[in-house]
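To keep things clear, I will list the structure first and then write my remarks on it.
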Amino acid sequence: MDDAGPTPTDGTGPGATPERAPQPLLAPVDGLPPVVQDRSALRATADAMAAGTGPIAVDAERASGFRYSQRAYLVQLRRAGAGTALVDPIPLGSDLHELAAPLTGPEWVLHAAGQDLACLAEVGLVPSRLFDTELAGRLAGLPRVGLGPLVEQLLGLTLEKGHGAADWSRRPLPEDWLVYAALDVEVLVELRDVLAALLAEQGKLSWAEEEFEAVRTAGPPAPRAEPWRRTSGIHKIRKARPLAAVRALWEARDRLAAERDIAPGRVLPDAAIIDAAASAPPTAQALAALPVFRGRSQRRLTGYWFAALRQAAELDPSQLPSASPVADGPPPVARWADRNPDAAARLTAARSAVAAVSDEWNVPVENLLQPDLLRRLCWTPPADGDVAGALRAGGARNWQVELLGPRLEAAVQARS
């Protein structure tokens with residue numbers, strides 16, 4: 001590994017905050033391009049991107065909080081020599097295959113790539129190389145890694161705010177939203193270059209390349225075993241039958257949300273699910289008298305919601321959920337001292353070792369090693385003592401194993 005050692009940012013290198021006041025970036029440098037909405041314009045965009053040079057800045061806008069799906073409602077691209085393109089996947093049937101060839105090969109530059117790669121793959125776009133500016137900022141030890149703060153700190157520019165959480169499924173898209181979208185890719189490549197230089201200066205560029213590849217190849221997360229247990233406020237429900245009511249209402253809501261492509265919380269708030277499960281209304285009329293359920297939009301669905309509650313009420317005891325989720329790993333850390341004092345001591349020592357490396361290299365603890373992997377390692381140390389092998393088997397990257405392996409081996413073996 002060519003990483004010689006930690007190099008702090010001292011205010012004079014590429015990570016330094018510009019002394020001049022940040023300049024607002026209010027309009028795309030080339031003007032606002034027309035939105036690409038038909039095949040002819042999409043092919044022209046593909047040709048332009050193919051003729052461009054260097055990395056390609058990529059972004060996507062979804063409608064999280066408004067829609068059930070996580071599809072892309074706008075895709076933004078920018079490349080030197082090609083300019084910026086704003087592509088609307090909806091009139092194109094969410095099929096952008098014409099862009100696949102010119103976008104295969106060049107490095108993609110995204111911010112928080114893990115949020116957008118899935119929806120980009122849905123429209124036929126998959127990177128062969130990746131640079132994630134948010135992740136780069138984390139590894140560089142920068143205190144604020146949102147796109148706006150990074151652009152301000154490293155480029156001396158301020159970006160427009162206010163539309164990131166908007167309903168991008170709205171049509172037509174307002175012009176100020178499109179300006180915001182265009183500006184998001186305007187400076188990504190320049191930001192990438194500054195961050196790459198900073199990481200190289202700190203001896204971390206090879207680490208970042210491993211992390212980018214891990215993000216690129218991660219694939220979609222595995223489905224949660226019992227997603228209904230993430231209902232906000234479920235800690236108030238402790239008995240099996242009311243928990244079954246939460247599950248039934250959550251599943252009924254999820255079906256309806258998927259059918260209508262509406263965010264579940266807009267179909268029925270979590271608080272209403274918890275209220276109904278705790279109240280156990282005996283009749284549909286009693287359910288309709290509860291807050292939220294008495295609203296006009298919910299009254300039309302009273303029968304639907306009450307049917308879910310009735311189904312839960314009639315379950316055989318053997319079909320009721322357990323009071324606690326089935327764990328697929330170590331128990332909560334708070335119980336370790338009583339259940340396995342040696343494991344608790346190992347975890348304390350291991351956390352101290354990781355924190356020391358974090359301070360030494362100015363990298364957040366969570367980016368040095370997944371907390372779940374650290375807990376599993378300390379709860380069940382490898383029988384053969386091969387800590388490095390256990391880390392690799394758990395998904396740790398080479399740079400993490402080289403940096404942490406010897407220290408964690410000492411921490412784990414001390415009480416094994």
Side-chain angles (χ1 to χ4, degrees), residues 35-39 42 45 58-77 85-100 103 108 110-127 130 132 134 147 162-174 177-178 180-182 184-185 215-232 246-273 297-298 300-301 304-305 308:
V35 178
V36 174
Q37 298 177 303
D38 58 54
R39 291 290 162 193
L42 187 63
T45 298
V58 183
D59 193 16
E61 304 297 345
R62 293 165 285 122
S64 302
F66 295 90
R67 297 291 180 178
Y68 182 88
S69 69
Q70 291 299 305
R71 72 182 63 178
Y73 284 96
L74 190 72
V75 174
Q76 305 102 281
L77 307 170
L86 303 179
V87 183
D88 185 349
I90 305 307
L92 294 163
S94 293
D95 175 10
L96 306 184
H97 71 271
E98 288 91 341
L99 293 172
L103 266 61
W108 289 18
L110 293 96
H111 187 79
Q115 298 180 14
D116 290 337
L117 289 181
C119 71
L120 289 166
E122 285 183 1
V123 299
L125 305 180
V126 178
L130 178 68
D132 186 329
E134 183 200 45
L147 181 58
H163 302 306
D167 180 6
W168 287 89
S169 66
R170 172 181 168 181
R171 291 297 181 274
L173 289 169
W177 294 19
L178 294 173
Y180 164 91
D184 266 4
V185 291
V215 171
R216 188 187 72 84
T217 58
R224 294 184 181 275
E226 294 180 306
W228 59 271
R229 289 191 185 270
R230 293 177 61 83
T231 305
S232 180
V246 172
R247 180 177 64 185
L249 284 172
W250 187 97
E251 291 175 347
R253 180 184 69 174
D254 197 63
R255 288 192 298 270
L256 194 58
E259 177 185 318
R260 297 181 176 183
D261 193 17
I262 300 174
R266 291 179 175 268
V267 173
L268 186 68
D270 281 6
I273 290 178
S297 62
Q298 294 299 340
R300 295 193 294 267
L301 294 167
Y304 180 75
W305 301 127

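Remember, predicted model here, so these are calculated numbers, not experimental data.
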Any luck finding a side-chain donor-acceptor pair between S64 and R62 under 3.5 Å? yes

Test item: side-chain donor near acceptor, D270 and T231, under 3.5 Å: no

Does the side chain of V87 reach to within under 4.5 Å of the side chain of V123, using non-hydrogen atoms? no

Correct closest heavy-atom pair for A72 and P89 would be O-CG, 3.4 Å

State whether the number of non-hydrogen atoms from other residues, nucleotides or ligands found under 6.0 Å of R230 atom CZ is greater than 12. no

L74 vs L178, side chain to side chain contact (heavy atoms under 4.5 Å, CB included): CA-CA, chis, key distance, verdict: CA-CA 9 Å; L74 190 72; L178 294 173; 4.2 Å; yes

Flag the pair L86 / L173 as yes when at least one side-chain heavy-atom distance between them is below 4.5 Å, and no otherwise. no

Contact summary for F66 and A165, nearest pair of heavy atoms: CE1-O, 3.3 Å

Within the distance-only criterion (no hydrogens, no angle test), does the side chain of R216 pair as donor or acceptor with the backbone N or O of P127 below 3.5 angstrom? yes

Is there side-chain contact between L268 and L256, with heavy atoms separated by less than 4.5 Å? no

Just checking, any donor-acceptor pair under 3.5 angstrom between side chains of W305 and Q298? yes

Verify the neighbour count for atom CZ of R171: are there more than 12 heavy atoms of other residues, nucleotides or ligands below 6.0 Å? yes

Are side-chain heavy atoms of R39 and L92 found at a separation under 4.5 Å? yes

Contacts of R247 that satisfy side-chain hydrogen bond (donor to acceptor under 3.5 Å, both in side chains) - sequence neighbours left out: none

Check whether any side-chain heavy atom of V185 sits under 4.5 Å from a side-chain heavy atom of L77, and report yes or no. no

Show, in sequence, the C-alpha distance, side-chain angles and deciding distance for R67 and Y73, and conclude whether the side chain to side chain contact (heavy atoms under 4.5 Å, CB included) test is met. CA-CA 11 Å; R67 297 291 180 178; Y73 284 96; 3.6 Å; yes

Where does the angle between the aromatic ring planes of Y180 and H163 fall among parallel (under 30°), tilted (30 to 60°) and perpendicular (over 60°)? perpendicular

How long is the span from the CG atom in D184 to the NE2 atom in H111, to the nearest 0.5 Å? 9.0 Å

Could you tell me if the side chain of L42 sits less than 4.5 Å from the side chain of H97, heavy atoms only? no

Distance, nearest 0.5 Å, that separates CG of D95 from CG of L125: 9.5 Å

Between D132 and A112, is there a donor-acceptor pair closer than 3.5 Å when you use the side chain of the first and the backbone of the second? yes

Pairing donors with acceptors under 3.5 angstrom, does anything connect the side chains of D254 and Y68? yes

Of all heavy-atom pairs linking A308 and A252, the shortest is CB-CB, 4.0 Å

